*Asks:* 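Take this structure first; my questions come after.
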Amino acid sequence: MEKELDWGNLSFGYMPTDYNVRCRYADGRWGDIEVSQSETIDMHMAATCLHYGQEIFEGLKAFRGKDGKIRIFRLEENARRIRESAKGLLMAELPEEKFIEMVRKVVELNARFVPPYGSGASLYIRPLEIGMTAQVGVKPASEYLFVIFVTPVGPYFKTGFRPTNICIMRQYDRVAPRGTGRWKVGGNYAASLTAGEHAHELGYSAVLYLDPKEKKYLDECGPANFIAIKDGVYITPESESILPSITNKSLMQLAEDMGIKVERRHITVDELAEIDEAAAVGTAAVASPVGRIDDLDTGIKYVVSKDGNPGPVVTRLYETLRGIQLGELPDTHGWNTVL
Ligand SMILES: *Cc1c(COP(=O)(O)O)cnc(C)c1O
């Protein structure tokens, strides 16, 4: 039985569910998958994750489809990406098969929290890995804990699929040029909180970061990838400090399927004057359309949406991806794991 919740009004917060799954790494190997009903983690106060930020995570979603079945979107891609993140911070890499088994298990165990089809809500899946060894010397831990919990989240666009405004502020960087930007690391988020809050105070939904080395090219849009449509071409920044978004990768494939040319390349700030559509893309929203981009240093306001509506290409890409996730459209690339 599905749980009776006000699915349409859930926030992107945290709500307890029945179970989470865990796996521990010690003595050079991963142990068995444990099912837990506890919402807390018992750890040593000297654990490396607490002092030196040895923490990586993922974010993916499960949906209740039109046929009533549960679909998990691009599970294998997340399994691969968190291994890359682990490599980046010298943490133990969880085998992809184990990641997949853990995600399937935690979703099955909490199936009653997968929101019904049509509610716009979904089950957010949060895998995370932390360094557990007690030490004060700066070196990687030898013990790790991998946890996956789930929580139902409401529709991202409560007031409809509408454009929001973003801004460029050169006094902030999210990451360093050859730093940890390409990995999904909690510390990157800590480093971006000041900028994000500043932008929110000024009425913007996110900061459009520039490349941290030259401050010349577009990088990421808050915790999301930036995409734009220019003369019918899908463009997205090429940069070594960008987190490779699975949503962006999927949208690029869908664009190609639609016969839209895709370019991953440097995009200069000036080029914003020539784009027809833009969006911030990621698991949370799929695509959040951009209305205007204000460069707060030069005072230039780049009006992307002239009529205040999302553009046709971004809308079509968004609807196609959502349709695949909900089992309304054929999953031609095999992106869904159907339970
Ligand atoms: C998670 C994340 C994204 C979006 O990635 P998806 O796989 O599409 O959810 C983009 N940028 C950053 C910094 C992220 O952490």
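First listed ligand is number 1; within each ligand, the first listed atom is number 1. The figures that follow rest on heavy atoms only: side chains count, while hydrogens, waters and symmetry mates do not. Note that the structure is predicted; figures quoted are calculated from it, not measured.
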*Asks:* Contacts table for ligand 1: protein N or O within a distance under 3.5 Å of ligand N or O, distances only.
*Replies:*
unit_1: ligand 1; atom_1: 7 (O); unit_2: Arg81; atom_2: NH1; d: 2.8
unit_1: ligand 1; atom_1: 7 (O); unit_2: Arg81; atom_2: NH2; d: 3.1
unit_1: ligand 1; atom_1: 7 (O); unit_2: Ile246; atom_2: N; d: 2.9
unit_1: ligand 1; atom_1: 8 (O); unit_2: Ser245; atom_2: OG; d: 2.6
unit_1: ligand 1; atom_1: 8 (O); unit_2: Ile246; atom_2: N; d: 3.3
unit_1: ligand 1; atom_1: 8 (O); unit_2: Thr247; atom_2: N; d: 3.0
unit_1: ligand 1; atom_1: 8 (O); unit_2: Thr247; atom_2: OG1; d: 2.6
unit_1: ligand 1; atom_1: 9 (O); unit_2: Thr283; atom_2: N; d: 2.9
unit_1: ligand 1; atom_1: 9 (O); unit_2: Thr283; atom_2: OG1; d: 2.5
unit_1: ligand 1; atom_1: 11 (N); unit_2: Glu220; atom_2: OE1; d: 2.6
unit_1: ligand 1; atom_1: 11 (N); unit_2: Pro223; atom_2: O; d: 3.4
unit_1: ligand 1; atom_1: 15 (O); unit_2: Lys184; atom_2: NZ; d: 2.7
unit_1: ligand 1; atom_1: 15 (O); unit_2: Tyr189; atom_2: OH; d: 2.5

*Asks:* Would you say CG of Asp42 has more than 12 non-hydrogen atoms from neighbouring residues, nucleotides or ligands within 6.0 angstrom?
*Replies:*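 Atom CG in Asp42 is not crowded, with 12 or fewer foreign heavy atoms closer than 6.0 Å.
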*Asks:* Just checking, is any N or O donor in the side chain of Asp211 or His266 under 3.5 Å from an acceptor N or O on the other one?
*Replies:*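 Note: Asp211 and His266 side chains miss the donor-acceptor criterion.
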*Asks:* Per the ring pair (Phe, Tyr, Trp, His ring centres under 6.0 Å) rule, what does the pair list look like for residues 37-72, sequence neighbours excluded?
*Replies:* Phe57-Tyr189
*Asks:* I'd like to know if Arg178 pairs up with Glu240 as an ion pair, taking the criterion as any Lys NZ or Arg NE/NH1/NH2 lying under 4.0 Å from an Asp or Glu carboxylate oxygen.
*Replies:*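 Glu240 and Arg178: salt-bridged.
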*Asks:* Over 60° means perpendicular and under 30° means parallel, so classify the ring planes of Phe157 and Phe161, tilted if in between.
*Replies:* perpendicular
*Asks:* Around Asp307, counting heavy atoms of other residues, nucleotides and ligands shown, do more than 12 lie under 6.0 Å from its CG?
*Replies:*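 Enclosed.
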